[in-house]
Every structure is written in structure tokens, then in C-alpha cells.
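Order of the sequence lines sets the chain letters (A, B, ...), proteins ahead of strands, with each chain counted from 1.
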2 protein chains.
Amino acid sequence: MDAGASDRPARPTLAAVAARAGVSPSTASLAFSGAGPVSESTRARVLEAARALDYGGPDPRAQSLRRGRSGIVGVVMEDRLREAFRDPMNIAMLDGLADELGPAGLGLLLLTEPGSGGAGLSLAPVDAVVLVGCSTQLDKAVVVLHQRGIPVVAIEAEPMADVLSIDLDNADATARAARHLRDLGHADVALVTLPLEPSHARGALTEERLAASTAFTAKERIRGARQVFPDAGGVVAAGSSVEEGMIAGRELLRGSRPTAVIAQSDLLALGVVRAAEELGIRVPEELSVVGFDGVRIEGAAPWELTTLVQPAVEKGRAAGAAVVELLAGVTPEPRAFTSELRLGNTTARRA
Amino acid sequence: MDAGASDRPARPTLAAVAARAGVSPSTASLAFSGAGPVSESTRARVLEAARALDYGGPDPRAQSLRRGRSGIVGVVMEDRLREAFRDPMNIAMLDGLADELGPAGLGLLLLTEPGSGGAGLSLAPVDAVVLVGCSTQLDKAVVVLHQRGIPVVAIEAEPMADVLSIDLDNADATARAARHLRDLGHADVALVTLPLEPSHARGALTEERLAASTAFTAKERIRGARQVFPDAGGVVAAGSSVEEGMIAGRELLRGSRPTAVIAQSDLLALGVVRAAEELGIRVPEELSVVGFDGVRIEGAAPWELTTLVQPAVEKGRAAGAAVVELLAGVTPEPRAFTSELRLGNTTARRA
DNA sequence: CTGTTAGCGCGTTCAC
DNA sequence: GTGAACGCGCTAACAG
């Protein structure tokens with residue numbers, strides 16, 4: 001008994017259409033796919049039969065099985081959609097991805113894996129998978145994908161065997177920003193980091209949390225900052241937003257405060273600037289703030305953040321291109337992108 | 001010849017695993033799916049054989065064919081991803097959708113149809129489809145979906161036969177905002193609308209364009225506004241963004257200007273406010289502005305837009321729930337959501 | 001140009 | 001609890 005279709009109007013099949021048209025199934029198949037030599041009259045007859053039977057063309061599911069391809073690329077983002085989409089970088093990246101995948105006839109299957117350990121991932125009929133900022137939690141799922149011969153591309157993820165990585169110089173770039181601050185005379189620098197755990201818990205940045213964390217990007221950026229300021233402490237935000245930045249900023253700026261803040265995203269950085277504003281602390285005179293991403297935020301004026309501009313769309317495009325190549329049997333080279341320090345008016349020499 | 005896999009390591013199949021374990025394929029299948037009576041020892045043997053052969057479990061593509069379900073729901077958005085994601089409402093809606101679909105084990109396949117007439121749509125192995133703010137352009141694709149027995153849910157779309165609609169009171173709500181303006185003494189009101197054509201052409205709002213337009217939401221909102229201000233003219237923006245709002249605002253506010261503007265999104269409204277600011281026109285003293293959506297925009301301060309708050313997440317949730325029901329064979333009722341006029345400080349009595 | 005023959009990899013009856 | 005057989009709907013080979 002089929003749940004959901006109590007009355008089967010006996011949906012027509014290609015074979016039925018072929019019979020109706022008086023041709024063989026394979027001929028009918030060719031008539032639909034367009035490829036292959038089919039006489040105009042035969043094709044017309046097939047199409048006519050299809051119309052008569054109300055047949056909508058070959059079933060994509062059967063095609064996938066037969067062809068071994070579904071035309072779908074899974075995109076796994078660690079966060080819930082609302083979190084993931086809040087960050088303009090993710091969107092830019094997806095956009096780049098879609099730019100490459102769309103023309104190749106591939107669709108984007110959004111898979112979020114909130115702790116499910118990649119269950120959906122191994123059940124989805126995908127031709128390839130793109131991991132976005134995923135932790136190593138997905139190990140098992142990735143193993144299954146490999147067993148199936150499904151190529152995996154990872155953007156900013158802990159290196160994994162047989163996973164093509166599209167990387168960003170998170171550590172180096174942050175170190176560059178840190179040196180910029182040091183050159184300006186800053187020594188007391190605090191960090192505002194992206195979430196360290198899937199739970200998105202707010203709080204102080206402790207060594208325990210850091211050690212237990214699986215958030216690759218956040219950890220790399222911390223590592224970079226500490227290459228220059230080994231003792232830099234800070235707070236962990238619950239997400240990448242101006243609001244979270246303000247919360248972190250208020251926390252950081254009360255009492256004896258740092259002279260500079262390295263925030264792990266522009267949204268966070270802007271939040272810190274706002275918090276400072278709120279507390280009557282002048283930026284950049286009394287507090288320098290740097291961000292990461294290089295997104296233009298609506299309403300950020302009059303601030304022009306000093307930030308690390310990352311090529312988000314390019315990252316997505318590279319991932320998409322890699323997927324296309326992998327599906328074509330080519331083995332692309334891993335890519336590494338670099339971010340550029342853009343000086344704005346939120347950093348200045350230490351007072 | 002298989003492109004892309006020159007060396008076939010002969011990926012194992014369920015049958016192979018079964019043979020290795022010394023059981024029949026059907027038994028092995030049961031061992032994997034968990035359903036059905038299989039002795040613990042047999043299952044262990046099967047799993048062991050799978051490990052030995054490096055078998056990752058049943059192939060999702062074959063499963064979809066056999067089961068007639070792929071576990072994938074297609075989401076069609078008219079715009080390019082970058083456009084679609086720029087609007088917070090779309091994201092909220094997707095989020096609600098994912099909320100309902102995820103737990104039901106359904107993935108979201110993003111399909112954008114930039115004029116391709118729904119080609120990808122009819123080729124994708126989806127169990128159901130959600131149309132988001134789509135024009136009637138997709139008629140043909142929808143017909144194919146029906147032929148396949150694939151349920152279709154549409155959010156804010158022109159009513160179509162056999163398509164479950166999740167609606168918003170675009171016209172009524174806008175009329176309510178318009179009446180609010182009229183009550184404040186405004187008579188000269190201009191519109192800033194969302195794009196009317198897939199081309200996203202900017203320009204004056206003319207009757208020709210309106211008549212030719214397939215943008216349901218935009219047209220409905222115009223209709224609502226004109227219920228109160230029958231002669232209201234205005235401009236068409238190229239998208240929903242602050243930047244576009246500013247462009248529209250500059251256009252509208254030079255020369256003899258209206259005393260109030262009805263923008264079709266909060267982003268547009270904020271842009272108009274900015275444009276006014278730029279031109280030295282005080283809001284709300286010299287110009288009243290209303291928006292639509294009810295999104296809190298980062299950096300909108302000190303303005304609190306007067307706007308129509310729509311339940312975007314709920315819309316998505318309702319669509320998701322409807323999809324789940326439809327797939328379960330239940331026929332859900334169409335839903336209609338209402339927006340609420342929220343008074344902010346961007347509207348005031350006419351000077 | 002068209003028909004015939006085989007499966008793709010799996011799940012699901014039924015019997016046993 | 002397990003096995004045998006069949007078919008999901010289509011397409012890739014080859015043969016005519």
C-alpha cells in the first residue's frame with residue numbers, strides 16, 4: 001500500500017508511451033532526450049502519444065539510477081540555515097558556488113547537519129558534496145561518501161584525507177592584522193571570536209574551550225592572532241552579527257579594557273564599535289577595532305572598518321569549479337585564497 | 001565508457017555484500033534498513049561483510065527509484081541566489097521551511113529559474129516543489145510536475161490550478177498602510193516597488209509595465225496602494241536593497257515631490273529615508289515613509305520604520321508543513337497570512 | 001534509422 | 001527468520 005496515493009491513476013511510463021506510439025522504448029527515450037538519431041516523424045508520434053497519455057517526460061529518479069548521476073550537489077553547512085544565512089560571507093560563497101554549478105546543470109541541495117552526524121548526508125542522492133566550514137564531526141559521513149565514490153570538496157575545513165580543500169589564510173591574515181595593531185603600538189589586544197562549539201555558547205575564551213573546539217576557522221584566526229599576541233584573551237560570540245558584537249564589546253570594554261580588539265567578522269567588529277560608542281569610548285582614538293571579511297555593511301557609516309577582505313565569491317566559485325572538474329574525472333589542485341588587509345578608520349596609534 | 005571513472009574499483013553492491021555474508025540480498029537489505037525481522041547474528045554478519053568490502057550502505061539513487069521518493073524538496077526562487085538572499089524575508093522564509101522539512105527528513109534543493117522556463121525544475125528528482133514568489137512563467141513546468149504527481153506549494157504566487165497556495169495579504173496590508181497615510185492628511189503619495197520584470201529593470205512605474213508584469217507580490221502591493229490612492233505613481237526598483245531605495249528616493253524626491261512614499265520593502269524604505277536625509281528633507285516632518293516586511297535592519301537607527309510586519313518565518317513553516325502533509329497523502333488547506341501595521345517614527349501628519 | 005536485449009541497485013512481496 | 005523472484009522506469013549497447 002502506497003501511503004499518499006490511495007488512487008493510483010497509473011501514471012504512464014516511457015514504455016507505455018512507446019507502445020502507444022508504436023515504437024520501442026529505447027526509441028522513445030531517444031525522442032525525449034533529443035540526443036540520438038530519430039526521424040522527425042517518429043519523434044512527433046512519440047510526443048503526440050505522450051500528450052495523449054499525459055506523460056510528462058522521463059522520471060528523473062529512474063534517470064539518476066540508470067545514469068549514475070543525479071545532477072545534485074550537496075552543500076553542508078554546520079549551522080542552522082538562519083545562522084548560516086545571516087553571514088553575508090556564506091551567501092557570497094553560495095552565490096559563487098551556484099555560478100559554477102548552475103551552468104553545469106547541477107542543483108544545490110542544502111543540507112544542514114545540526115549534530116545529526118551526517119545522517120542526511122549519506123542518504124541524499126548527490127553526485128558530490130561541498131563542506132562549508134565544517135568540523136571533523138562529519139568524518140563518518142565523509143567515509144561513506146568516499147566508499148560511494150562521491151567527491152568531497154571542503155571550504156575552510158580541517159584537512160581530511162581525499163577531500164579537496166579550498167582554503168583561506170585565516171591564520172596568516174589575522175596575524176597580519178595583529179602586526180598592524182602591534183605596529184601602532186598596541187599590546188593589550190582582545191579577541192572576539194566566532195562560535196567555538198555547535199551549541200553557539202557565549203562566554204570567555206578559555207584554553208579548555210579552545211582545545212575542545214572543532215570550529216576550524218575560528219581556531220585558525222585565534223592562532224593567527226596569537227602568533228603576534230601570544231597571551232591574547234577575549235570572548236566567544238554566539239554568532240556573527242552586530243548584536244553579538246555589541247554583547248561581546250560591552251563585556252570586553254567594561255573595567256580595565258584592551259586598547260584594541262580583533263573581531264573575527266565585520267559584523268562582530270561593527271558591534272564592538274557600537275558598544276564602544278555606547279560606552280563613550282572613542283574609536284579609533286581610544287580603541288582600535290579590526291574585523292574580518294570585508295563586507296560593506298548597510299548603515300555602518302561613518303565607520304570604515306579596518307578589516308581583512310576575503311574573496312568569498314571566489315572561494316565559492318573555486319569550490320564549484322572543483323566539483324565540476326571532479327565530476328568530469330579531472331583531479332583539481334587544492335586552492336588557497338588570501339585575504340587582504342584593508343585599512344579603514346577604526347584603527348589608530350595607541351593613545 | 002564512463003567519463004570520470006577510468007578505473008572502476010567495482011564498487012560493491014548490496015548483492016555483493018549479501019553474497020559475502022552468505023545471505024540473500026533481501027536479508028541484507030533488511031539488515032541495513034533496520035526495518036524487518038533480522039536476527040542479531042545475521043545482521044552482524046552482514047555489517048561485517050560490508051566493512052570487509054568497504055560498502056557504504058544502499059545507494060540513495062537506487063533507493064529513490066525503488067521507493068518512489070528522493071527525500072528532496074525543490075525550492076524555486078525567481079531571482080538569482082545573490083538577489084534572493086539579499087532579502088531578509090526570503091531567508092526567514094527558508095528558515096521556516098527548513099524547520100519543517102529537516103525533521104521530516106527532507107532536503108532543500110535550491111533551484112533558481114532565471115528564465116530557463118523551469119527546465120531544471122522538471123529534471124530534478126524532487127518529491128515536492130515550493131514556488132517562492134514566482135510568476136506564472138513556470139506554468140509549463142508546473143504542468144509537468146502535476147503529470148508526475150509531484151505536489152506543488154506556492155508562496156505568494158498567482159493562483160494556479162492544483163497548486164496549494166500560502167498567501168499573504170499584500171494588497172490589503174498595503175491598503176491599510178495607505179489609509180494610515182491618508183488619515184495623516186497625505187494625498188500625494190508615491191510608490192517604490194519591487195522589480196516588475198525578471199530583468200529587474202529600474203524606471204518609472206507605467207501602466208504598460210504594470211500590465212505586462214508577472215511579479216505577483218509587487219502587483220498586489222500596488223493594487224492595495226491604489227485602492228486608497230488610485231492615481232499613485234512611482235518608480236520601480238531593481239531589487240530589494242537600501243541602495244536601490246536610495247536610487248529610487250533620489251529620483252522621486254527631486255523637483256515637486258510627494259509628501260509620502262510607500263516602499264514595498266523595508267530595505268527600499270530605508271533607502272528612501274537615506275535619500276531624503278541626503279537631500280535635506282526631514283523624515284517624518286517633510287516626508288512620510290512606510291515600508292513592508294518588518295525586518296530590523298542593522299544600522300537603521302535612529303529610524304524606526306513604520307511598516308507592515310509580515311510573518312515570514314511562519315509562511316515558510318506553513319509551506320513546509322503543507323509539503324509534509326501532501327507527501328503523506330493529506331490535502332492541506334490553503335493558508336493566508338496577514339501583515340500588521342507597525343507604527344514607527346517615519347510617518348507623521350502632513351505638514 | 002529503429003528494435004531487442006539487458007541490466008542500473010535495490011526493496012518487496014511472497015513462500016518456505 | 002530467511003530466500004527467491006520480480007519489477008521500479010529508464011537507457012546503453014548492439015543488432016537489424
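- Separating the CD atom of Glu40(A) from the P atom of dT2(C) is a distance of 10 Å, rounded to the nearest angstrom.
- Along DNA chain D, the nucleotide nearest Pro58(A) and the nucleotide nearest Val38(B) are compared for position; the residue whose nucleotide lies closer to the 5' end is Val38(B).
- Atom CG of Leu30(A) and atom P of dG9(D) are 20 Å apart (whole Å).
- If you take CG of Leu14(B) and P of dG3(D), they are 13 Å apart, rounded to a whole angstrom.
- For the pair Asp59(A) CG and dG7(D) C1', the interatomic distance rounds to 14 Å; values are reported in whole Å.
- Phe32(B) comes within 4.0 angstrom of nothing in the nucleic acid, heavy atoms only.
- Distance Gln147(B) CD to dG9(D) C1': 16 Å, rounded to the nearest Å.
- At the heavy-atom level, Leu65(B) lies under 4.0 Å from base atoms of the strands shown.
- The side chain of Ser26(B) approaches dA4(D) more closely than any other nucleotide in the set dA4(D), dC10(C), dT2(D).
- In the set dC10(C), dG11(C), dG3(C), dG3(C) carries the atom at the smallest distance from any side-chain atom of Ser24(A).
- Heavy-atom minimum distance, Arg335(B) versus Ala318(B): NH1-CB, 4.1 Å.
- Side-chain contact, Ser26(A) with Ser29(A): no donor N or O sits under 3.5 Å from an acceptor N or O.
- Of the candidate nucleotides dT11(D), dG9(C), dG1(D), dT11(D) has the atom nearest to the side chain of Arg66(A).
- Note: CZ (Arg11(A)) to C1' (dG9(D)) measures 14 Å, nearest angstrom.
- Distance, Leu123(B) CG to dC10(D) P: 13 Å, rounded to whole Å.
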Are Glu156(B) and Lys315(B) close enough, and set up right, to give a salt bridge (Lys or Arg N to Asp or Glu O under 4.0 Å), and what steps lead you there? CA-CA 9 Å; Glu156(B) 288 179 70; Lys315(B) 265 182 353 190; 2.5 Å; yes
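- Among the nucleotides dG11(C), dG9(C), dC10(D), the one closest to the side chain of Thr13(A) is dC10(D).
- The two atoms that bring Leu121(A) and Leu111(A) nearest to each other are CA-CD1, 4.2 Å, heavy atoms only.
- Judged by atom type and distance alone, Thr42(A) does not reach the base of dT2(C) through any side-chain donor-acceptor pair under 3.5 Å.
- For Gln63(B), counting side-chain heavy atoms from C-beta on, the closest listed nucleotide (dT11(D), dG3(C), dG11(C)) is dG11(C).
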